[in-house]
K.L.:
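Got a structure for you, questions after.
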Amino acid sequence: MNQRHKLYTVEQSYIFRPLLFMNQAFNLKSSMQPIYLFEIKSLSIRDISEQIEFLNEKTPNLLANAPVMLDLNRVENTLQKQTLMEVIDYLKQQNINPIGAQCTDSNIKKIIVELGLNHSKVEKKKKIDYQDSDIGTKVITQQVRSGQQIYAPNENLIILNNVSAGAEVIADGSITIFGALRGRAVAGAKGRENTQIICQNQYAELISIQGQYMVDEQLPQSGKACRFYIKEERLEIDELNAI
């Protein structure tokens with residue numbers, strides 16, 4: 001079988017084998033939780049709080065204790081240290097954990113470091129087709145149950161079963177679900193372009209592609225096959241008919 005198309009079960013995890021030397025003080029394990037890129041478009045605490053409250057109401061625990069990287073590029077021309085401190089403090093109060101920030105302004109970079117955050121280098125986006133050969137595929141054969149999270153780093157994700165309410169499936173590439181989607185699906189998690197989500201039966205709590213998202217109230221709860229994709233920076237939906 002092609003090494004890029006191995007079958008995985010929900011229970012499988014990735015663990016680095018510990019080095020056998022001296023007294024082992026810790027193990028290294030891979031994390032299944034992605035780091036969200038929190039692109040700040042408004043510095044108003046009111047605006048941020050309203051959106052977070054809306055997300056928490058519709059998708060509880062989506063952002064609970066989530067590590068986030070703050071993208072400050074849209075606001076760096078007007079950003080002040082005190083304002084950034086207020087935003088960070090508010091996010092922490094909401095159990096959201098800012099671990100770093102990115103921007104291009106050298107003065108803002110200094111503020112980021114002063115506030116104890118890591119600074120991430122901003123790289124020019126490269127358009128990558130989701131069908132490119134440099135991305136692998138993870139296949140899940142079992143039902144993804146409530147409370148479970150599946151993450152496919154630098155891979156497309158194929159689910160050959162149902163995704164239950166309260167479950168979450170995430171991929172840096174595209175997601176295809178040959179069953180009912182009742183939980184949350186996040187494709188293009190790191191901004192990879194031309195990603196999409198296809199499901200056989202649409203009842204999702206949340207759909208997100210490249211940071212654009214819709215929650216259940218905005219989604220057609222029809223049970224039909226649907227395709228979600230980005231067009232002109234907007235999340236679009238096509239209902240599919242069986243051939």
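What you see is a predicted model, and the numbers here were worked out from it, not measured in a lab.
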K.L.:
Please find the pair of heavy atoms, one from L72 and one from A101, that lie closest to each other, and give the distance.
P.N.:
CD1-CB, 4.0 Å
K.L.:
Quick one: are T78 and L43 in side-chain contact, heavy atoms under 4.5 Å?
P.N.:
yes
K.L.:
Apply side chain to side chain contact (heavy atoms under 4.5 Å, CB included) to the pair I52 and L91, showing each step before the final yes or no.
P.N.:
CA-CA 9 Å; I52 289 177; L91 293 177; 3.7 Å; yes
K.L.:
What distance do K41 atom NZ and N73 atom CG have between them, rounded to the nearest 0.5 Å?
P.N.:
13.5 Å
K.L.:
Can any side-chain N or O of D172 pair as donor or acceptor with the backbone N or O of P153 at less than 3.5 Å?
P.N.:
no
K.L.:
With rounding to the nearest 0.5 Å, note down the distance linking CD in E193 to CD1 in I230.
P.N.:
10.0 Å
K.L.:
Stepwise, does the side chain to side chain contact (heavy atoms under 4.5 Å, CB included) test hold for I111 with L84?
P.N.:
CA-CA 9 Å; I111 293 175; L84 182 56; 4.0 Å; yes
K.L.:
Distance-only, no hydrogens or angles: does the T176 side chain make a donor-acceptor pair with backbone N or O of I158 under 3.5 Å?
P.N.:
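Answer holds: no.
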K.L.:
Going hydrophobic residue to hydrophobic residue with side-chain gaps under 4.5 angstrom, can you get from I48 over to M85?
P.N.:
yes
K.L.:
Considering all heavy atoms of both residues, which atom of T195 and which atom of Q210 are nearest to each other, and what is their separation?
P.N.:
OG1-OE1, 3.7 Å
K.L.:
Measuring only between side-chain heavy atoms, which start at C-beta, is I159 closer than 4.5 Å to L157?
P.N.:
yes
K.L.:
Looking at E205 and R182, is there a salt bridge between them, counting it only when a charged N and a carboxylate O are closer than 4.0 Å?
P.N.:
no
K.L.:
If you round to the nearest 0.5 Å, how far is SG of C199 from CG of L181?
P.N.:
5.0 Å
K.L.:
State, to 0.1 Å, how close E76 and C103 come at their nearest heavy-atom pair, and which atoms those are.
P.N.:
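Closest approach of E76 to C103: OE1-CB, 3.1 Å.
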K.L.:
Taking the side chain as every heavy atom from C-beta outward, state whether E168 and V144 have any atom pair closer than 4.5 Å.
P.N.:
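Contact flag for E168/V144 side chains = no.
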K.L.:
Judged by atom type as modelled, is there a donor-acceptor pair below 3.5 Å linking the side chain of Q102 to the main-chain atoms of D71?
P.N.:
no
K.L.:
Only one of R145, Q143, Q148 forms a side chain to side chain donor-acceptor pair (under 3.5 Å) with S164, so which one is it?
P.N.:
Q143
K.L.:
Measure across I197 and A185 and return the closest heavy-atom pair with its distance rounded to 0.1 Å.
P.N.:
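Smallest heavy-atom distance, with atoms named: CD1-O, 3.7 Å.
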K.L.:
Test your reading of the model: is there a side-chain donor-acceptor pair from S146 to the backbone of A165, 3.5 Å cut-off?
P.N.:
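Yes; judged by distance alone, with no hydrogens or angles, the pair exists.
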K.L.:
If I compare all heavy atoms of A204 with all of L219, which pair ends up nearest, and what's the gap?
P.N.:
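That closest heavy-atom pairing would be O-CD1, 3.6 Å.
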K.L.:
Once you round to the nearest 0.5 Å, how far does CD1 of I88 lie from CG of L70?
P.N.:
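One gets 6.0 Å once the value is rounded to the nearest 0.5 Å.
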K.L.:
Closer than 3.5 angstrom, by distance alone: can the side chain of E86 be matched with the main-chain N or O of I45 as a donor-acceptor pair?
P.N.:
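It does not hold such a pair.
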K.L.:
Between the side chain of E53 and the main-chain N/O of E50, is any donor-acceptor distance below 3.5 Å?
P.N.:
no
K.L.:
Quick one: do Y229 and N194 satisfy side chain to side chain donor-acceptor pair (under 3.5 Å)? Show the steps, please.
P.N.:
CA-CA 7 Å; Y229 58 97; N194 297 324; over 6 Å; no
K.L.:
Stepwise, does the side chain to side chain contact (heavy atoms under 4.5 Å, CB included) test hold for I209 with F228?
P.N.:
CA-CA 8 Å; I209 303 178; F228 301 89; 3.8 Å; yes
K.L.:
Using atom types as modelled and distance alone, determine if a side-chain donor or acceptor of K81 lies under 3.5 Å from a backbone N or O of I112.
P.N.:
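Absent.
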K.L.:
Do you know which two heavy atoms are closest between V186 and I175, and how far apart they sit?
P.N.:
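In terms of heavy atoms, the two residues are closest at O-CD1, 3.3 Å.
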K.L.:
Transitively linked via ILVMFWY side-chain contacts under 4.5 Å: L115 with I96?
P.N.:
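The answer is yes; both residues are in one hydrophobic cluster.
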K.L.:
Does a sphere of radius 6.0 Å around CZ in F178 hold more than 12 heavy atoms from other residues, nucleotides or ligands, not counting ones at 6.0 Å or beyond?
P.N.:
no
K.L.:
Hey, are the side chains of S49 and Y90 touching, using non-hydrogen atoms and a 4.5 Å cut-off?
P.N.:
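SC-SC contact between S49 and Y90 confirmed.
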K.L.:
Quick one: CD1 on I237 to CD1 on I207, what's the gap to the nearest 0.5 Å?
P.N.:
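It is 8.0 Å, given to the nearest 0.5 Å.
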K.L.:
So that I can tick it off, tell me whether K110 and E114 are bridged by a salt bridge, with the cut-off set at under 4.0 angstrom between side-chain N and carboxylate O.
P.N.:
no
K.L.:
Identify whether Y203 and Y213 are in the same connected component of the hydrophobic contact network (ILVMFWY, side-chain heavy atoms under 4.5 Å).
P.N.:
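Different clusters.
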K.L.:
Got a salt bridge between K224 and E239, using NZ or NE/NH1/NH2 to carboxylate O under 4.0 Å?
P.N.:
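Looking at K224 and E239, the cut-off is met.
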K.L.:
NE2 of H119 to OG of S106: how many Å apart, nearest 0.5 Å?
P.N.:
10.0 Å
K.L.:
Report the C-alpha separation of V215 and F54 in whole Å, then their side-chain angles, then the decisive distance to 0.1 Å, and conclude whether the side chain to side chain contact (heavy atoms under 4.5 Å, CB included) test is met.
P.N.:
CA-CA 10 Å; V215 295; F54 177 77; 3.5 Å; yes
K.L.:
From the options V169, V163, I170, L206, select the one residue that forms a side-chain contact (heavy atoms from CB on, under 4.5 Å) with R184.
P.N.:
L206
K.L.:
If only atom types and distance count, is the side chain of S174 paired as donor or acceptor with the main-chain N or O of Q196 below 3.5 Å?
P.N.:
yes
